[in-house]
Every structure is written in structure tokens, then in C-alpha cells.
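See structure below.
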Amino acid sequence: MMSNWSEQEKQQFPDNLVTWYEDEKRELPWRENRDPYRVWVSEIMLQQTQVDTVIPYFERFMTLFPTMHIFAEAPEELILKAWEGLGYYSRVRNLQTAMKEVVELYDGIVPTDKETVLALKGVGPYTAGAILSIAYNQPEPAVDGNVYRVYSRLMEIEDDIAKAKTRKVFEKVVAETISQTNPGAFNQALMDLGATICTPKNPKCAACPVAQYCRSHASGTMLNFPVKTKKIKTKQRYLVTAIIQNNAGEILVQQRPETGLLANMWMFPSIEADKPFADLATSFKIGLDLPVYVNQESLGQVKHVFSHLKWEVETLTGIITTDEFKLPENYRFVSITAMKHLPFPVPYQKVWQLYLKTRSGMRDE
DNA sequence: AATTCGGGGCG
DNA sequence: CGCCCAGAATT
């Protein structure tokens with residue numbers, strides 16, 4: 001689709017937006033400079049993740065891994081721990097794969113060529129555009145959720161943003177209107193505009209620096225945009241997990257498979273099904289086949305919602321009945337101190353909190 | 001083209 | 001509760 005803007009509008013819009021940005025931009029840790037390493041890390045963290053969530057993770061990450069080389073050489077357990085709670089954990093594993101490649105093939109210099117950047121693991125069309133425009137000042141579109149919302153409103157673009165091919169429509173209109181002199185500031189201005197002014201529910205059009213260009217503002221149709229059809233249904237899953245201690249008071253933990261949900265993260269030994277378990281303790285014993293005594297009484301349930309499924313986790317306790325058995329590869333007995341160094345997904349952090357709460361309650365009684 | 005990948009914030 | 005968030009990889 002061609003934009004419905006006049007040549008004059010196309011010419012003036014980027015300067016107005018960049019001027020607003022220079023004046024009103026948010027001070028964010030990754031905006032201290034244009035270091036491609038920092039820009040890259042921030043863009044990966046910000047995928048599907050809000051700015052306020054990312055800020056403390058980014059600060060810790062830069063303290064832990066001040067350079068690309070240090071990050072590239074870090075053990076996986078440490079990089080997952082640095083990502084713990086952020087979600088989409090393949091992001092940090094792909095990031096390390098890609099940065100190892102940059103260190104080895106390009107002497108640690110992030111490539112400036114679009115095809116080369118796009119070929120890096122975890123770097124798609126949005127992130128490539130963000131890196132090239134912000135770090136290297138190249139006039140590349142970086143189409144994300146903000147850009148869909150801002151441009152669909154600006155030009156009343158009715159293409160369904162749930163469809164894959166729609167991204168190209170927006171890349172085209174951004175390319176037609178991007179600032180040639182300061183594309184990095186321009187793209188970041190679109191982010192700030194989308195986050196602070198052109199918001200999904202209550203857009204603050206009175207404060208918008210580019211309302212004069214906005215077709216949906218003129219016709220009052222802001223809330224009709226962007227058009228998005230897809231609705232996803234979440235599936236319910238039932239888990240049973242158990243805090244199991246040996247005679248030394250160590251906790252039994254289990255590492256998840258290297259692919260799929262929460263890949264390579266740790267958890268308490270668990271079994272899963274699509275229906276509730278009738279007999280928790282028995283199901284658990286049979287499911288795991290370890291020499292444990294499992295208490296019949298549950299500590300309670302932990303609920304957790306993912307983007308595409310829901311977990312209800314029954315939490316049990318147990319003890320090892322004999323040391324005479326061989327622990328499978330993906331299991332480990334760890335002290336509580338050592339456990340704190342392993343990456344656990346949030347639902348299992350909730351399980352641990354439930355366990356601690358129950359124990360403190362027992363002491364009080 | 002559709003599904004799979006987390007987790008939190010908000011009306 | 002459902003939608004959104006500085007999306008990408010896999011199927």
C-alpha cells in the first residue's frame with residue numbers, strides 16, 4: 001500500500017518527530033551511548049517485554065557481562081540465571097550463539113551489513129533494523145508493535161497485523177517517511193511515541209507531536225487501529241511437583257530438556273498431564289520412579305499463566321528413603337545455597353515460596 | 001501461515 | 001479474565 005500522505009507531509013513528518021524526541025525522550029540505560037553490544041542486548045531483552053521490566057535486567061546484565069567477549073564465554077547456567085524471570089529464555093541462548101559467532105568471525109565487531117545481521121541467531125527483521133538504525137545510523141525500518149499502532153493510526157492502515165505479510169506493508173510506509181539524517185532517533189521516537197502518547201487504550205492525542213499528520217485523529221477512529229484478528233486459546237495443564245530432601249537436607253532438582261518450554265531451566269521433580277491427577281502421591285511416585293517417600297498431604301496449588309497455556313501445580317514434599325540408587329543425568333541434589341545459583345522459571349519460584357511459607361507456618365503453630 | 005516460545009502490567 | 005508488550009524460530 002502506498003501512503004496517503006502528500007509529499008510535503010512525508011518531508012516534514014520525520015523532522016517534527018525527531019525534534020520532539022530530542023526534547024522529550026526517555027532516559028534509558030541503553031541510551032547512554034550507541035555501543036552496538038548494548039543496543040543489541042537491549043533490543044533482545046525488549047522483545048515482547050516492557051521497558052520498566054527490562055531496566056533492572058539490563059543493568060545487571062551489563063555488570064555481569066560488560067563486554068561481548070565476556071558474555072560469549074560465560075557458562076549457560078550463568079546467562080540463564082541473568083535472564084531468570086524475563087521469559088522467552090531461548091532469547092539469551094540465541095544471543096550467546098550469535099555473539100560467539102561475531103567474536104569468532106568478525107573479531108567482536110557487530111556487522112553493519114543488513115543480510116549479515118539478519119543471519120544472526122535471534123535477530124529478525126525488527127531487531128536488525130533497530131541495531132542498524134540505532135547503532136550505525138542506517139535508515140532501516142524497525143517495525144514492532146508500537147510502529148504497527150502508530151502508523152496504522154497515522155494513515156488508517158487497515159491491514160491485519162496478525163498476518164505475516166502485513167509487516168512488509170508497514171516497512172514500506174516507514175521507509176517512505178523515515179528520517180534520512182537521524183534514522184536512529186526517528187525509530188526510537190516511534191517507540192517512545194507508542195509507549196507514552198499513542199497508547200493502545202487511551203491515546204493522549206492532545207499531547208501528540210504529530211497529530212496534525214494523523215488521519216485517525218482527524219476522523220476520531222484511533223481506537224479502531226491497529227486491526228488485529230488473531231485470538232489464541234490457552235490450554236490447561238496439570239502438574240505434580242515435590243520438594244524432596246535427602247538425609248543431608250539437600251534438595252532434589254531436575255533440569256528440563258534442552259528444547260521446548262523453559263529449555264535447560266531447573267525445576268523440582270515434576271510430572272505433567274492434561275487432566276488432574278486422581279492420587280497425587282501415587283501418581284508422582286509412579287511418574288518419577290525414584291525411591292522416595294511422598295507425603296499424602298499437598299502443600300497446596302500454584303497457578304501460573306503462560307502466553308499459550310496455564311499450569312496448575314500441586315506441590316508435595318518427600319524424603320529419599322535410600323541413598324542406594326543412581327541419580328539420572330538430569331537430576332542433582334543441591335544445598336539451598338547452591339540452588340539459588342540455578343535458573344528456575346517463575347512457576348517453580350512460586351512453588352519454593354509456597355514451601356517456605358508452609359514451613360514458617362508450622363514453626364508458628 | 002500457524003504455532004510455540006514467559007512473564008508482567010493494566011483496564 | 002483478555003489484551004498488550006522495542007518478536008523470532010520452528011513447524
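Worth knowing before you read on, the calculation uses all heavy atoms, side chains too, and leaves out hydrogens, waters and symmetry mates. Please read these numbers as outputs of a predicted model, since none were measured by experiment. Naming convention: chains lettered A, B, ... in sequence-line order (proteins, then strands); numbering from 1 in each chain.
- Below 30°, between 30° and 60°, or above 60°: for A/Phe268 and A/Phe344 the angle between ring planes is between 30° and 60°, a tilted geometry.
- In the model, A/Thr317 has no side-chain atom that pairs as donor or acceptor with a side-chain atom of A/Arg359 under 3.5 Å.
- Comparing the C1' positions of C/dC3 and B/dG6 gives an interatomic distance of 15 Å, to the nearest angstrom.
- One can place CD of A/Glu258 at 13 Å from P of C/dT10, the figure rounded to the nearest angstrom.
- Donor-acceptor pairing under 3.5 Å is recorded for the side chains of A/Glu314 and A/Ser298.
- Judged by distance alone, the side chains of A/Asn16 and A/Gln12 never bring a donor and an acceptor atom under 3.5 Å apart.
- Looking at which nucleotide of DNA chain C each of A/Gly122 and A/Leu46 is closest to, the 5′-most match is held by A/Leu46.
- In the model, A/Asn33 has no side-chain atom that pairs as donor or acceptor with a side-chain atom of A/Asp35 under 3.5 Å.
- You'll find that the side chain of A/Asp144 is closest to C/dG7, out of B/dA1, C/dC4, C/dG7.
- Side-chain atoms of A/Pro125 lie closest to C/dA8 of the nucleotides C/dA9, C/dA8, B/dG7.
- When heavy atoms are screened at a 4.0 angstrom cut-off, A/Leu262 is found touching the sugar-phosphate backbone but no base atom.
- A/Tyr331 is linked by a side chain to side chain donor-acceptor pair (under 3.5 Å) to A/Gln254, counting only residues two or more places apart in sequence or in another chain.
- Comparing the C1' positions of C/dC1 and B/dC5 gives a spacing of 22 Å, expressed to the nearest Å.
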What's touching nucleotides 9-11 of chain B from the protein side, N or O pairs under 3.5 Å?
unit_1, atom_1, unit_2, atom_2, d
B/dG9, O4', A/Gln50, NE2, 3.2

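- In this structure, the side chain of A/Thr234 does not engage the main chain of A/His308 through any donor-acceptor pair within 3.5 Å.
- Phosphate contact (OP1/OP2 of C/dG7, side-chain N/O of A/Tyr148, threshold under 4.0 Å): absent.
- Among the atoms of the strands shown, base atoms are found under 4.0 Å from some heavy atom of A/Ser307.
- Of all nucleotides listed (C/dC4, B/dG6, B/dG7), B/dG7 comes nearest to the side chain of A/Pro347.
- At a cut-off of 3.5 Å, with distance as the only test, no side-chain donor of A/Tyr57 or A/Thr49 sits close to an acceptor on the other residue.
- Rounded to whole Å, the distance from CD1 on A/Ile161 to C1' on B/dA2 is 16 Å.
- Closest approach to the A/Thr127 side chain among B/dG6, C/dA8, C/dA6 is made by C/dA8 (side chain taken as heavy atoms from C-beta onward).
- Distance A/Leu80 CG to B/dG7 C1': 16 Å, rounded to the nearest Å.
- When the nearest nucleotides of DNA chain B are assigned to A/Ala164 and A/Gly260 by heavy-atom distance, the more 5′-ward of the two goes with A/Ala164.
- Taking atom CG on A/Leu193 and atom C1' on C/dA6, their separation rounds to 14 Å, with Å as the unit.
- Here C/dA6 is the nucleotide among C/dA9, C/dA6, B/dT4 with the atom lying nearest to any side-chain atom of A/Glu43.
- Taking the six-membered ring where the residue is Trp, A/Tyr37 and A/Phe61 present tilted rings, their angle falling between 30° and 60°.
- Using a 4.0 Å heavy-atom distance criterion, A/Lys121 is classed as a sugar-phosphate-only contact.
- Between A/Thr259 and A/Lys163, the residue anchored nearer the 5' end of DNA chain B, judged by the nucleotide with its closest heavy atom, is A/Lys163.
- Between the CD atom of A/Gln188 and the P atom of C/dA6 there is a distance of 13 Å, rounded to whole Å.
- Atom-to-atom, CD1 of A/Ile44 to P of B/dG6 comes out at 15 Å; the value is rounded to the nearest Å.
- Within residues 20-33 of chain A, the residues having any heavy atom closer than 4.0 Å to DNA chain C are, in order of number, A/Arg26, A/Leu28, A/Trp30, A/Arg31.
- Between A/Gln48 and C/dG7 there is a side-chain polar atom (N or O) within less than 4.0 angstrom of OP1 or OP2.
- Going from atom CD1 of A/Ile244 over to atom CD1 of A/Ile319 covers 10.5 Å, rounded to the nearest 0.5 Å.
- If you take CH2 of A/Trp311 and P of B/dC5, they are 10 Å apart, rounded to a whole angstrom.
- The residue A/Gly85 sits close only to the backbone: its heavy atoms come under 4.0 Å of sugar-phosphate atoms, none of a base.
- Listed nucleotides B/dT4, B/dG7, C/dG7 differ in distance to A/His308; the shortest reach to its side chain belongs to B/dT4.
- Below the 3.5 angstrom threshold, one finds a donor paired with an acceptor across the side chain of A/Thr49 and the base of B/dG6.
- Residue A/Val147 is classed as having no contact, given no heavy-atom separation below 4.0 Å to the nucleic acid.
- If you take atom P in B/dG8 and the same atom in C/dA8, they sit 22 Å apart, rounded to whole Å.
- Donor-acceptor pairing under 3.5 Å is lacking for the side chains of A/Gln47 and A/Tyr126.
- Neither OP1 nor OP2 of C/dA8 sits under 4.0 Å from any side-chain N or O of A/Ser90.
- Straight-line distance from the CZ atom of A/Arg167 to the P atom of C/dA6: 18 Å, rounded to whole Å.
- A/Tyr151 and A/Thr177 share a donor-acceptor pair across their side chains, judged by distance under 3.5 Å alone.
- No engagement by A/Pro226 is indicated, since no non-hydrogen atom pair under 4.0 Å with the nucleic acid exists.
- Using a 4.0 Å heavy-atom distance criterion, A/Tyr88 is classed as a base contact.
- Residue A/Ser42 is classed as having no contact, given no heavy-atom separation below 4.0 Å to the nucleic acid.
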